[in-house]
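Sequence lines set the chain letters: A, B, ... in the order given, protein chains first and strands last, and positions in each chain run from 1.
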Amino acid sequence: MTRELALTQPFDLELSLTMGQAFRWRPLGDGRFSGVLGENLIHIRQIEGGVEYRVGGPDGERDGSDSDDGLLRRYFREDDDVTAIYNDLSRDPVVARLVAQYPGMRVLRQEPWECLVAYTCSRRNTIARIAHNIEAIASLSQRTVKLGDDVRCVFPTAAQIVRAGEGALKDLRLGLNRPGNVFKAANQVCIGALNLDALAEVKVPCNEAIRTLEDCPGIGPKIANCVAMMSLDKLDAFPVDIWILRALERWQYQNRGCQMPRNTMSPNDHRRIASWAQLYFGKYAGCAGQYLFHGIKPNK
DNA sequence: GGCCAGGTATAGC
DNA sequence: GCTATACATGGC
């Protein structure tokens, strides 16, 4: 059964799903996208005034419900005041231009654990290969969800990854992300040393969440900021990668107070730039960063 | 082959 | 603190 969901604010489904923040959406070729959200396999496309979607679970397609609507609204951050965010971001002329050019590019609210693993795989990697890595890791759950002919794997819990073992991860060829990193992170979550849901609470400030994440082996400032922004509701987090550095340089942000790193970027350089960005772009600095990332990346 | 891709940990100063 | 370097894998 196809279900319609009204979305009243600026929204570009394809751009939001494919710009490189989330890695489990595949085009089905007819304007629809297939993706796994928790225990649900979603087929979705944009229509006038919102989206229409179908949903499947372990036993195949089922009727959508109000709670599925809620799941999608939450994922798309429909609860944000998008126009207010855009107005706030438009204090900067470059971001203002990008917002006008790409309206409706939302920051998706991803699952923290999956987001952490995905960005742990992002070191010196390409978006296509991160997606490939994530699908490989998903297969470790051995739990499928179905919708018609489409069969996908649920993303494994930290406990399932620990159970699968370090050797299973090694076989997946995760590149610079040593298998040990994902495995160690899974262990930290398993034993409760890293409680991602607690970090998502409003009372936990961005910088505190980031500090906690950085205590985890294999997680540095870039990944910590990504996880905070895209899964822990800290829209002021500001991940700095080589594309953001290029954007800051290309659009001359040195002239707006940004202190660029001299050579290779140290954790202190990252903290300095993130602090500047939070002052300069404001409380939605992460959204500004997402626009800079999209604006600077080739092959759009 | 050489270079690059959403970085991080480590060892040397 | 800062800097250089190793790290794993695949595409162009």
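OP1 or OP2 of dA8(C) has not a single side-chain nitrogen or oxygen of Arg173(A) nearer than 4.0 Å. For Arg124(A) and dA5(B), the shortest distance from a side-chain N or O to OP1 or OP2 is below 4.0 Å. OP1 or OP2 of dG6(B) sits under 4.0 Å from a side-chain N or O of Lys297(A). Within the 4.0 Å cut-off from OP1 or OP2 of dT3(C), at least one side-chain nitrogen or oxygen of Asn263(A) is found. Under 4.0 angstrom from either OP1 or OP2 of dT8(B) there lies no side-chain N or O belonging to Asn177(A).
Atom P of nucleotide dA5(B) and atom CG of Asn133(A) are separated by 17 Å, given to the nearest angstrom.
Counting non-hydrogen atoms under 4.0 angstrom, Leu176(A) reaches a base of the nucleic acid. Residue contacts for Pro217(A): at a heavy-atom cut-off of 4.0 Å it reaches the sugar-phosphate backbone alone, with no base atom in range. Within 4.0 Å (heavy atoms only), Thr126(A) reaches sugar-phosphate atoms of the nucleic acid but no base atom.
Side chain of Gln259(A) to backbone of Trp276(A): no donor-acceptor contact under 3.5 angstrom is found.
Looking at Leu98(A) and His294(A), their side chains never come closer than 4.5 Å, going by heavy atoms from C-beta outward.
Remark: the separation of the C1' atoms in dT9(C) and dG1(B) is 16 Å, to the nearest Å.
A salt bridge between Glu111(A) and Arg24(A) is absent, with no side-chain N of the basic residue lying under 4.0 Å from a carboxylate O of the acidic one. Classification of Asp66(A) and Arg73(A) as a salt-bridged pair fails, no side-chain N sitting under 4.0 Å from a carboxylate O.
Contact of Arg262(A) with dT3(C) (side chain to base): no donor-acceptor pair of N or O atoms is detected under 3.5 Å.
Nearest to the side chain of Asp241(A), among dC2(C), dG6(B), dC7(C), sits dG6(B). Relative to the side chain of Gln21(A), the nucleotides dG6(B), dC2(C), dT9(C) differ in distance, and dG6(B) lies closest. Distance from the side chain of Thr264(A) is smallest to dT5(C) among dT5(C), dG6(B), dA5(B).
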